[in-house]
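Let me begin by presenting the structure, written as structure tokens, before commenting on it.
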Amino acid sequence: MSRIDQLRREIAAKVAEYYRTAHASQPFVPGRTRVRYAGRVYDERELTCAVEAVLDFWLTAGPRVQSFEDRLARLLDLRHALAVNSGSSANLVAVTTLCSRRLERPLEPGDEVITPAVGFPTTVAPLVQNGLVPVFVDCQLGTYNLDPQQLEAALSQRTRALFFAHTLGNPVDLKAVTGFAQAHDLYLIEDVCDALGATYDGRPVGTFGDLATLSFYPAHHITTGEGGAVLTDDPRLARIAQSVRDWGRDCRCRHYSPPTGACGRRFEWEIPGLEEPYDHRYLYVEIGYNLKMTDVQAAIGLAQLDKLPEFIAARQHNFDCLYQGLKPYEEFLILPTWQARATPSWFAFPVTVRPGAPFTRRQLITFLERHQVETRLLFAGNLVRQPGYRHIEHRTVGDLRNSDRVLRSTFFVGVYPGLDDARLDYVLETFADFFSPFATP
Ligand SMILES: Cc1ncc(COP(=O)(O)O)c(C=O)c1O
């Protein structure tokens, strides 16, 4: 064994020992230990993989990013995955890709994109950034997904695309939505940031649209710290998306740098008006950004991917526990619902306080938080009411009544794999304590 290999082995052993010593989980003390809604779930493997990547010191997108992309594409059985530095960046790349002048039918400023009012702001921000007009439809309470019944009413001469998230891991009614998109020749982007592993009719969500996006922020199904990905089965869209991600350039050498380029004719590209051919590495064909992921992040992502099946199973187990435990309180709370054809991959457990309940959402979440049960709101609630979005150019369908209810009355608690049965029992006991002065089941 070379000295280098020996040193790497010693370092890996020390890192593993460090993990066991410094990162070991603390015993759960009910009422004192915070029951998080989400968090990184990792072991010595993520730490050693990250350190190995640091020792290689590639720093930027290198061979590990490529392996991570290959595995993501295989996971969803799609031809292309591009790793980026966040789910928000993935959404920006996806929307900007559909605006490319290299497409026969690009989205153009003023074109309308149907999207639900309930959701995360950076599903909608890239529409605004690209001069597109969001047309907000309402959601269904329980699934918190866009209401397909509203799609026809959202349609206009300018409607060109649909962009929606599978809210909190719960698949949208894809039969209705894909049928509508096909009937009206609309692009479809799936925001799968919260839904990695969910299926509809046995097929992974993220494979139904033209493009799909993922987030690897620590609250999500796998993490790279910050991170995300854009997925597509269409080589043309993949090529544009890569350009948008990589400064707008056309070159696809990635981390290799063969003297004549991956294209084999690196110095033979033309810029109109220039007598001499130009270097492909510096040929810019899109208005792009730099949204790439780094190799250290990808190293962690690769280790996380090995654990994805057990993560998804744990989330389902935790969801089932909370569902059974909260079912007796349905007179107060709307529990989550999902499509018969869908298998969700839960991000969290959402509930809505019913209008007639003898308490408010604020009272309930204040009680839970005071007893160390972490809660979160369903992101922006009704986005149209958020200060940053109130004044954007948009249309709405109907009165967005359910979205307003989400804004006022919905929240979620965690189902992430870091929760064990002791923590879940404690969450349910805390809910029961809160409900005890009211009608008991
Ligand atoms: C549905 C949805 N889309 C996009 C994002 C943005 O992802 P990121 O935080 O990685 O930018 C999130 C974040 O949680 C999300 O929930």
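Numbering of residues begins at 1 and proceeds along the displayed sequence. Whatever order the structure lists them in is the order used to number ligands and atoms, beginning at 1.
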In Thr143, Asp194, Leu378, the residue satisfying side-chain contact (heavy atoms from CB on, under 4.5 Å) with Thr167 is Leu378
Report the residues that fulfil salt bridge (charged side-chain N to carboxylate O under 4.0 Å, His left out) with Glu374, sequence neighbours left out, ordered by chain and then residue number. Arg34, Arg36, Arg376
Are Arg281 and Asp250 close enough, and set up right, to give a salt bridge (Lys or Arg N to Asp or Glu O under 4.0 Å), and what steps lead you there? CA-CA 7 Å; Arg281 284 188 83 82; Asp250 196 42; over 6 Å; no
What about Phe359 and Phe435, are their ring centers closer than 6.0 Å? yes
So, the side chain of Arg252 versus the backbone of Gln242: is there a donor-acceptor pair under 3.5 Å, distance only? no
N/O to N/O under 3.5 Å, ligand 1 against protein:
| residue | atom | partner | partner atom | Å |
| --- | --- | --- | --- | --- |
| ligand 1 | 3 (N) | Asp191 | OD1 | 3.4 |
| ligand 1 | 3 (N) | Asp191 | OD2 | 2.7 |
| ligand 1 | 7 (O) | Ser215 | OG | 3.4 |
| ligand 1 | 10 (O) | Gly87 | N | 2.7 |
| ligand 1 | 10 (O) | Ser215 | OG | 2.7 |
| ligand 1 | 11 (O) | Gly87 | N | 3.4 |
| ligand 1 | 11 (O) | Ser88 | N | 2.9 |
| ligand 1 | 11 (O) | Ser88 | OG | 2.5 |
| ligand 1 | 14 (O) | His220 | NE2 | 2.9 |
| ligand 1 | 16 (O) | Asp194 | OD1 | 2.8 |
| ligand 1 | 16 (O) | Asp194 | OD2 | 3.1 |

Any luck finding a side-chain donor-acceptor pair between His371 and Tyr426 under 3.5 Å? no
